[in-house]
Amino acid sequence: MTGSPNTLSETEAAVRDAIEARRSLLLADLRAAVETPTGPGSGDGIERQRAFFADRLADLGATHERVAGEPRPSWMDQPETPPDASLFHPQQGHGPRVLIAGHLDTVHHVDSGFDRLHLRDDGTATGPGCVDMKGGLVIALHAIETLHELALPVNWSFFLNTDEETGTYHSDAALRRVSEAHDLGIALEPALAGGELAIERVGSGQFMVEVFGRSAHVGRAFQDGVSAVSELARIVAELAAVPEPARGKILNVGPLQGGAATNAVPDYAAAWGNVRFPNAVVERELAETLESYATAQDAMPRVAIHRSFNRPAKPLIPATESLALQARRVAEALGQQLPFAKTGGVCDGNIMQDAGLPTIDTLGVRGGGLHTPDEWIELESLVERCQLLAVLLARLSQQ
């Protein structure tokens, strides 16, 4: 089926043309997805969006498995019921087992007023989640439908979670289990700012510093108190000296909590923060630094450290580079460009590759303004990236 690496075979050209014919359908499905709220406060929006994809994939004969979510660490805020993830499997397929992964959730609150897809004269459109990542979900759906329509059986699975924007804590275990059962991974995060494919990512983690002191009346017994706020301030000041940006070692503190009244010595204070790291060595350094502040249970003041470095660094490995180069050859055969880049952002691709699955994770649409009320998508990328994904899947099925 596949011709030379930088040309399309007759079958691949048919895939390209079939997706071109879906141009208006791609836009209609993007509008439907964007205008179904799936951010904070969206109520049943997530379930309506899940049902939209489940119904379309069921028409292809795919099975739908709901995977129960697990609780986040107790020191993090968490909803009462961990949300489920969804896993879809086709009835048959050829070639390596490819896991396509995406997330249904967005960061945009349902009451933000940013709730519609607005087309602009410059070939772009704005809307909540249009690029991160409802555009990616739509192109994956149409790529799969096109391959089915042309009787090209690809060995794919489609994993959709609902908590990526809050750290993938509920679905981390499920994503790892699914990743271990596949050979190659494709995550649908949007392309980087210049349309690049991210081939290397840093890791990320969350932490909390809790300080327990002793309360006392400021006027009558100040000397009997032990200020949790003062101890936390000391720790935060020291942590400010930890980052080494040139090494990719990042530690940021905020927000802070402490004290209830100015005339009482505060007996509790807390700080939350985020770390970024390029490799396991720096990750270990950050972990050891944070844990060095923990004290014994009977200390006064007492310090407790909580951390979760759940998105390990995603270095460039040979298998991922090979997959990225295959994607680039497909792009070139389609007359597209696919440059490579590193990024300081994290996504589910970090988890997938850490679970042993070589993964490229910015094969979604092009755009920008992620997580802002100016989020926008380059509409032409709906067709181009859908063609790229579909032809790549078709080529992989021949291996």
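All values reported here derive from a predicted model rather than from experimental measurement. Both backbone and side-chain heavy atoms feed into the values below; hydrogens, waters and symmetry mates do not.
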Minimum heavy-atom distance between V15 and A390, given as atom pair plus value:
CG1-CB, 3.6 Å

Looking at G344, is its backbone amide N or carbonyl O close enough to the side chain of R276 to form a donor-acceptor pair, meaning the two atoms are under 3.5 Å apart?
yes

Compute whether any side-chain donor of one residue and acceptor of the other, for R97 and S157, lie under 3.5 angstrom apart.
no

Say you draw a straight line from CG of L388 to CG of L338; how long is it, rounded to the nearest 0.5 Å?
6.0 Å

E332/R329 ion pair, N-O < 4.0 Å
no

Verify side chain to side chain donor-acceptor pair (under 3.5 Å) between T146 and R22, making sure each step is shown before the conclusion.
CA-CA 9 Å; T146 299; R22 286 172 169 257; 3.1 Å; yes

Would you kindly confirm whether W156 and L357 end up in one hydrophobic cluster when ILVMFWY residues are joined by side chain heavy atoms under 4.5 Å apart?
no

Check for me, please, whether F207 and V346 land in the same ILVMFWY cluster - side-chain distances under 4.5 Å, paths through other members count.
no

Kindly indicate, with the supporting measurements, whether the criterion side chain to side chain donor-acceptor pair (under 3.5 Å) is fulfilled by Q398 and H94.
CA-CA 7 Å; Q398 301 303 302; H94 295 162; 5.5 Å; no

Is L197 reachable from I100 through a run of hydrophobic residues whose side-chain heavy atoms are each under 4.5 Å from the next?
yes

Could R50 and F53 be counted as a cation-pi pair, given that NZ or CZ must be under 6.0 Å from the ring centre and within 45° of the axis?
no

In the structure I gave you, are the side-chain heavy atoms of T343 and L192 within less than 4.5 Å of one another anywhere?
yes

Could you walk me through whether F277 and R247 satisfy the side-chain contact (heavy atoms from CB on, under 4.5 Å) test, starting with their C-alpha distance in whole Å, then the side-chain angles of each, then the deciding distance to 0.1 Å, before giving a yes or no?
CA-CA 8 Å; F277 42 86; R247 293 183 61 215; over 6 Å; no

Note: V229 and P266 closest approach over all heavy atoms is CG2-CG, 3.4 Å

Evaluate the side-chain proximity of L27 to L117: yes if any heavy-atom separation is below 4.5 Å, no if none is.
yes

Can you tell if the side chain of E20 reaches within under 4.5 Å of the side chain of V383, non-hydrogen atoms only?
yes

More than 12 heavy atoms from other groups under 6.0 Å of CZ on R220:
no

Before you tell me yes or no, could you show the steps for E210 and V303 under side-chain contact (heavy atoms from CB on, under 4.5 Å), namely the whole-Å CA-CA distance, both residues' side-chain angles and the distance that decides it to 0.1 Å?
CA-CA 6 Å; E210 282 190 298; V303 179; over 6 Å; no

Interatomic spacing from CG in D29 to CD in E145 - rounded to 0.5 Å:
7.5 Å

Quick one: do the E196 and T362 side chains pair a donor with an acceptor below 3.5 Å?
no

Fit a plane to each ring of H89 and H182, take the angle between them on a 0 to 90° scale, and name the class: parallel (under 30°), tilted (30 to 60°) or perpendicular (over 60°).
parallel

Do L99 and I139 belong to the same hydrophobic cluster, where Ile, Leu, Val, Met, Phe, Trp and Tyr are linked whenever their side-chain heavy atoms lie under 4.5 Å apart, directly or via other members?
no

Going by ring pair (Phe, Tyr, Trp, His ring centres under 6.0 Å), name the pairs with one or both residues in residues 332-354, residues two or more places apart or in two chains.
none

When you compare the side chain of H103 with that of L160, does any pair of heavy atoms fall below 4.5 Å?
no

Any donor-acceptor N or O pair under 3.5 Å, side chains S381, R385:
no

Given the rule in the side chain to side chain donor-acceptor pair (under 3.5 Å) test, do Q326 and Q399 qualify, once you have shown the distances and angles that lead to the verdict?
CA-CA 12 Å; Q326 290 184 74; Q399 296 179 5; 2.3 Å; yes

Do we see a donor-acceptor contact under 3.5 Å between the side chains of E70 and Y169?
no

Does the structure place the NZ or CZ of R302 under 6.0 Å from the centre of the six-membered ring of F212, at an angle of no more than 45° from the ring's axis?
yes

Taken to the nearest 0.5 Å, the spacing of I360 CD1 from I199 CD1 works out to 11.0 Å

Flag for Y268-Q257: side-chain donor and acceptor within less than 3.5 Å
no

In terms of heavy-atom contacts, L382 and G135 come closest through CD2-O, 4.2 Å

Would you find a donor on one side and an acceptor on the other, under 3.5 Å apart, between the side chain of E65 and the backbone of F88?
no

Give me the atom names and distance for the closest heavy-atom approach of H64 to S86.
NE2-OG, 2.8 Å

Between K314 and E200, does at least one N-O distance fall below 4.0 Å, as a salt bridge requires?
no

Quick check for you: to the nearest 0.5 Å, what is the distance between D267 atom CG and M300 atom CE?
8.5 Å

Closer than 3.5 angstrom, by distance alone: can the side chain of E189 be matched with the main-chain N or O of D348 as a donor-acceptor pair?
no

Quiz question: by atom type and distance under 3.5 Å, do the side chains of S204 and N274 form a donor-acceptor pair?
yes

If you look at every heavy atom in R366 and A191, which pair is closest and at what distance?
CG-CB, 4.0 Å

Would E375 and K134 count as a salt bridge (Lys or Arg N to Asp or Glu O under 4.0 Å) here? Give the steps.
CA-CA 12 Å; E375 183 173 351; K134 298 193 177 190; over 6 Å; no

With side chain to side chain contact (heavy atoms under 4.5 Å, CB included) as the test, pick out the partner of E164 among I351, L175, D105, L104.
D105

Under the side chain to side chain donor-acceptor pair (under 3.5 Å) rule, what do H217 and N263 come out as? Steps first, then yes or no, please.
CA-CA 6 Å; H217 190 283; N263 60 354; 5.0 Å; no

Distance-only donor-acceptor check, side chains N161 and S171, under 3.5 Å
yes

side-chain contact (heavy atoms from CB on, under 4.5 Å), that's the test. Do R176 and S179 meet it? Break it down for me.
CA-CA 5 Å; R176 288 178 179 278; S179 295; 5.6 Å; no

Evaluate the criterion salt bridge (Lys or Arg N to Asp or Glu O under 4.0 Å) for residue pair R234 and E238; output intermediate values, then yes/no.
CA-CA 6 Å; R234 181 187 71 80; E238 292 183 4; 2.9 Å; yes

Can you see which heavy atom on P71 is nearest to which on P82, and at what distance?
N-CG, 3.9 Å

Side-chain heavy atoms of R116 within contact of V34, under 4.5 Å:
no

Any chance you could lay out the salt bridge (Lys or Arg N to Asp or Glu O under 4.0 Å) test for E180 and R177, step after step, and finish with the verdict?
CA-CA 5 Å; E180 291 168 359; R177 286 194 299 270; over 6 Å; no

Between the side chains of E165 and H371, does any donor sit under 3.5 Å from an acceptor?
yes

Cluster overlap L8 with L389, hydrophobic side-chain contacts below 4.5 Å:
yes

Can you measure from CZ (R311) to CD (E283) and round to the nearest 0.5 angstrom?
13.5 Å

Kindly compute the distance separating CD (E285) from OG1 (T289), expressed to the nearest 0.5 Å.
7.0 Å

Polar side chain donor-acceptor pair, D361 to T359, under 3.5 angstrom:
no

Heavy atoms, side chains only, cut-off 4.5 Å: are R307 and E291 in contact?
yes

Between I250 and V202, is a side-chain contact (heavy atoms from CB on, under 4.5 Å) present by the stated rule, with each step listed?
CA-CA 10 Å; I250 304 297; V202 302; over 6 Å; no

